[in-house]
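For reference, the structure is listed below as structure tokens.
Just so you know, these numbers use all the heavy atoms, side chains as well, and skip hydrogens, waters and symmetry mates. Bear in mind the structure is a predicted one, so any value in this text is a computation, not a measurement. To find a chain, count down the sequence lines: A is the first, B the second, and so on, and within it residues start at 1.
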Amino acid sequence: MKKTATEEAVVVRVGDHEVRLTHLDKVYWPEDGYTKRDLIEYYHSVSQYLLPHLKDRPLSLVRFPGGVSSDGFYQKDAPQGMPEWVRIAPVMSKEKEDYINFILCDTVSTLVWMANGGAIEINPWLSRYTNLDYPDFAVFDIDPSEGSTWEDVKIVVKMVKSLLDQWNLLGFPKVSGATGVHVYVPVEPRYTYKEIQAFVKYGAQFIRDAYPEKVTLERKVKDRFGKVYIDFPQNARGQTIGSVYGVRATRGAPVSMPIHWDELDTVTPQAWNITTALSRLERTGDLFLPVISTKQNIDPVLKAALAGQHN
DNA sequence: TAGCACC
DNA sequence: GGTGCTAAGTCAACG
DNA sequence: CGTTGA
Ligand SMILES: [Mn+2]
Ligand SMILES: [Mn+2]
């Protein structure tokens with residue numbers, strides 16, 4: 001007799017709730033042999049590190065119920081029929097006269113439920129539901145374009161570091177799990193998205209002007225060839241960036257992992273994956289904890305940005 | 001990334 | 001045609 | 001139409 005989905009399903013207690021898990025042996029990463037079970041076990045295992053970073057943040061999920069070689073889809077609006085204990089954040093849509101019920105992941109139960117739905121990639125907002133218009137960090141998203149290299153990325157990241165040093169600001173780097181690096185600059189949650197983006201753009205312009213041969217701010221992809229793109233427009237309401245400790249739906253199942261600044265020369269952007277991240281985390285602890293606790297004042301830089309009127 | 005309004 | 005902005009499951013079957 | 005599963 002053919003197995004039904006019901007027969008494959010298993011109900012487990014995760015945190016405070018029971019979660020129904022299905023198709024655990026579904027191969028999600030064919031080239032690596034990793035299954036949905038591996039994904040769920042990963043997210044479950046790092047939940048104590050990950051959850052504080054997701055708390056109160058509206059999420060865009062990228063779901064791959066057929067695994068990473070099938071098309072995935074973004075999901076913002078919470079699906080009907082989800083467990084009643086999944087918290088949501090209604091946010092008025094810009095285009096339609098209706099709310100989008102963003103999923104909030106504040107418990108391990110919800111995290112595991114999302115993973116069971118094939119939510120490989122987790123993309124949180126830069127602001128929290130409790131303070132939606134005021135991000136609590138700015139991000140320097142450093143992306144190599146075709147024709148540029150990881151070596152180029154490292155140079156640009158170091159330039160970001162020295163610029164932040166000049167400004168007496170703390171930044172926290174992580175490898176993206178794809179090809180680049182994200183540098184988070186935690187701020188007091190009282191700057192608008194426009195201000196946060198102006199801040200990052202101002203810094204990015206300095207870096208481009210210092211090294212125009214290898215750094216670009218061009219929005220058109222074809223104009224970025226051979227250069228490293230500093231993706232400052234990513235700092236905008238409704239935009240998201242792959243979560244720290246989030247998984248990528250690409251070969252190897254890489255995860256986004258914080259690093260120490262002095263590790264930059266010894267790591268690669270996909271240095272960790274769902275099978276190796278936990279031991280790293282247990283050794284280093286959560287290097288991104290200060291991103292939550294640090295609240296920096298960027299008034300001086302913002303003032304200079306507005307006065308300077310770079311282009 | 002795709003669709004759409006607007007220039 | 002280029003630019004800026006926004007959203008982001010779908011479908012079929014069942015009762 | 002609400003629910004469920006692929
Ligand atoms: Mn990036
Ligand atoms: Mn980017």
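- Separating the C1' atom of C:dA13 from that of B:dT1 is a span of 31 Å, rounded to the nearest Å.
- One interatomic measurement links the two molecules: CD of A:E121 to C1' of C:dG9, which rounds to 16 Å at whole-angstrom precision.
- Using bins of under 30°, 30° to 60° and over 60° for the plane-to-plane angle, the ring pair A:W167/A:Y202 lands in the parallel bin.
- Rounding to whole angstrom units, CD of residue A:Q234 and P of B:dT1 are separated by 12 Å.
- Side-chain nitrogen and oxygen atoms of A:R20 include at least one within less than 4.0 Å of the OP1 or OP2 phosphate oxygen of D:dG5.
- Taking atom OH of residue A:Y28 and atom C1' of nucleotide D:dA6, one finds them 11 Å apart after rounding to whole Å.
- For A:P124, the side-chain contact (heavy atoms from CB on, under 4.5 Å) partners two or more places apart in sequence, or in a different chain, are A:L54, A:R57, A:L59, A:S243.
- For the pair A:D231 CG and B:dT1 P, the interatomic distance rounds to 11 Å; values are reported in whole Å.
- Taking the C1' atom of each, B:dC6 and C:dA8 are spaced 22 Å apart, rounded to whole Å.
- Taking atom P on both nucleotides, C:dC11 is separated from B:dG3 by 15 Å, rounded to a whole Å.
- Annotation: side-chain contact (heavy atoms from CB on, under 4.5 Å) contacts of A:I88 (sequence neighbours excluded): A:A78, A:M82, A:N101.
- In this structure, the CZ atom of A:R63 is 19 Å from the C1' atom of B:dT1, given to the nearest Å.
- Distance alone, capped at 3.5 Å, is enough to place a donor-acceptor pair between the A:D32 side chain and the A:G252 backbone.
- Using a 4.5 Å heavy-atom cutoff, the side chains of A:T216 and A:R208 are not in contact.
- As a whole-Å value, the separation of A:I120 CD1 from C:dA8 P is 21 Å.
- A:Y184 pairs with exactly one of A:F288, A:F140, A:F172 by the ring pair (Phe, Tyr, Trp, His ring centres under 6.0 Å) rule, that one being A:F288.
- The distance between atom CD of A:Q75 and atom P of C:dT10, rounded to the nearest whole Å, is 10 Å.
- Remark: P of C:dA8 and OH of A:Y74 are 13 Å apart, rounded to the nearest angstrom.
- Separating the P atom of C:dA7 from that of D:dA6 is a span of 32 Å, rounded to the nearest Å.
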Original post:
Where along nucleotides 2-7 of chain C does protein come under 4.0 Å, by heavy atom, of base (B) or sugar-phosphate alone (S), with - for untouched nucleotides?
Top reply: -SS-SB

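- Considering only heavy atoms from C-beta on, A:V175 stays 4.5 Å or farther from A:T268 through its side chain.
- Look at the P atom in both C:dA12 and B:dA2: the space between them is 23 Å, to the nearest Å.
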